[in-house]
Amino acid sequence: TNSSASDIPGVKERTLVAIKPDGVQRRLIGQIIKRFEQRGFRLVGLKMVQVSEELLAQHYVSLHKKPFYPSVLQYMTSGPVVAMVWEGHNVIKSTRMLVGDTNPAEAVPGTLRGDFSIHVSRNVVHASDSVEVAQKEISLWFQRSELIDWIASGVNECMYIV
Ligand code: IDP
């Protein structure tokens, strides 16, 4: 057939993933990126950022009234964050599974949080949890020009054709 990756629903889905300051401090950047690459997802944006409180206030709108919100702000601004956009079939759902439960005690071993963290206030990585949230977060963290729509060729392309 003439089917190509772009014909398959969800193949172009994108999600925002951020390696939080504890992940950077603990030298986990490479191990975390490796898990997404080996799964077959496509990296379309990547940068290290010192996040502002203004960006976090927009990013964590749903947490403003929580008692722990000030400590989240302090944690997330305590050092650089590595922000990424990953693309691929069902990437939002698959990424949440890969990242694991918000509370590391509930995160299954094999997940990033289940392997690398013990407390909810230092849970190593952020990932968007729905299509709407992913679109909002990607446009909040990245300029359009920072997202690179490169073509997966050869064997990688086969991963998208099911
Ligand atoms: P998520 O990161 O798994 O999507 P959310 O409920 O959106 O979970 O919470 C955002 C972040 O706020 C969590 O990843 C965690 O770092 C922090 N957080 C959530 N609950 C608590 C808490 O009870 N104490 C401290 N930090 C928390």
Side-chain angles (χ1 to χ4, degrees), residues 9-144 146-149:
V11 163
K12 296 292 239 181
E13 189 172 286
R14 290 179 172 184
T15 194
L16 180 92
V17 176
I19 304 173
K20 297 180 179 184
D22 52 331
V24 175
Q25 291 291 334
R26 293 171 56 200
R27 317 296 197 260
L28 296 175
I29 298 167
Q31 292 191 68
I32 292 169
I33 290 178
K34 177 191 164 87
R35 301 295 300 278
F36 288 87
E37 282 201 316
Q38 73 185 12
R39 193 75 186 271
F41 293 122
R42 184 159 69 126
L43 184 62
V44 297
L46 172 71
K47 63 182 175 183
M48 181 174 259
V49 277
Q50 179 65 50
V51 188
S52 67
E53 290 204 6
E54 292 70 31
L55 185 145
L56 287 169
Q58 291 178 266
H59 178 79
Y60 279 139
V61 171
S62 62
L63 299 186
H64 287 187
K65 293 196 170 67
K66 304 280 188 189
F68 56 82
Y69 180 63
S71 65
V72 169
L73 283 185
Q74 196 174 27
Y75 160 49
M76 291 295 290
T77 56
S78 67
V81 166
V82 173
M84 301 176 277
V85 177
W86 288 93
E87 182 182 274
H89 184 57
N90 282 338
V91 70
I92 297 168
K93 174 85 192 301
S94 297
T95 294
R96 291 291 294 192
M97 296 295 287
L98 181 61
V99 166
D101 197 278
T102 304
N103 178 0
E106 302 288 338
V108 176
T111 64
L112 294 171
R113 286 167 172 169
D115 283 351
F116 295 131
S117 66
I118 55 177
H119 195 275
V120 67
S121 68
R122 297 288 183 276
N123 60 2
V124 176
V125 51
H126 167 82
S128 314
D129 64 3
S130 69
V131 173
E132 296 72 31
V133 169
Q135 284 167 355
K136 184 201 120 182
E137 291 181 351
I138 290 166
S139 59
L140 187 60
W141 287 71
F142 283 87
Q143 306 287 326
R144 280 192 74 88
E146 293 176 313
L147 301 176
I148 309 299
D149 194 19

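One-based numbering along the sequence shown. Numbering of ligands and ligand atoms starts at 1, following listing order. All values below were derived from every heavy atom in this structure, side-chain atoms included, with hydrogens, water molecules and symmetry-related copies excluded. Source: prediction; values computed, not measured.
Looking at atom 11 (C) of ligand 1, its nearest protein heavy atom turns out to be Y60 OH, 3.9 Å. The protein non-hydrogen atom at the shortest distance from atom 7 (O) of ligand 1 is L63 CD2, 4.5 Å. The nearest heavy-atom contact from the protein to atom 2 (O) of ligand 1 is R113 NH2, 3.2 Å. If you check which protein heavy atom lies closest to atom 17 (C) of ligand 1, you get V72 CG2, 3.8 Å. In terms of protein heavy-atom proximity, atom 20 (N) of ligand 1 is closest to F68 CZ, 3.2 Å. Looking only at protein heavy atoms, the nearest one to atom 6 (O) of ligand 1 is T102 CG2, 4.4 Å.
Of the N or O atoms in N123, one or more lie within a sub-3.5 Å distance of an N or O in ligand 1.
Using 4.0 Å as the threshold, H59 has no heavy atom nearer than that to any atom of ligand 1. For the ligand labelled ligand 1, residue K20 lies inside the 4.0 Å heavy-atom shell. Ligand 1 has at least one atom lying under 4.0 Å from a heavy atom of V120. Heavy atoms of R96 approach ligand 1 to within less than 4.0 angstrom.
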Point to revise | Verdict with supporting geometry, L55 and V49, side chain to side chain contact (heavy atoms under 4.5 Å, CB included) | key: CA-CA 11 Å; L55 185 145; V49 277; over 6 Å; no
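R96 contributes a side-chain N or O that, together with a main-chain N or O of A127, makes up a donor-acceptor pair within less than 3.5 Å. Distance alone, capped at 3.5 Å, places no donor-acceptor pair between the D115 side chain and the P109 backbone.
Cation-pi geometry between K20 and Y75 is not met: the NZ or CZ atom fails to fall both under 6.0 Å from the ring centre and inside 45° of the normal.
Around atom NZ of K136, more than 12 heavy atoms belonging to other residues, nucleotides or ligands sit under 6.0 Å away.
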Do any side-chain atoms of residues 23-30 form donor-acceptor pairs under 3.5 angstrom with protein atoms, and if so which ones, sequence neighbours left out?
{"unit_1": "R26", "atom_1": "NH1", "unit_2": "F116", "atom_2": "O", "d": "2.7"}
{"unit_1": "R26", "atom_1": "NH2", "unit_2": "F116", "atom_2": "O", "d": "3.0"}
{"unit_1": "R27", "atom_1": "NH1", "unit_2": "Q25", "atom_2": "O", "d": "2.7"}

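For Y60, there are no ring pair (Phe, Tyr, Trp, His ring centres under 6.0 Å) partners two or more places apart in sequence or in a different chain.
The aromatic rings of H126 and H59 sit perpendicular, their planes meeting at an angle over 60°, well past the 30° parallel limit.
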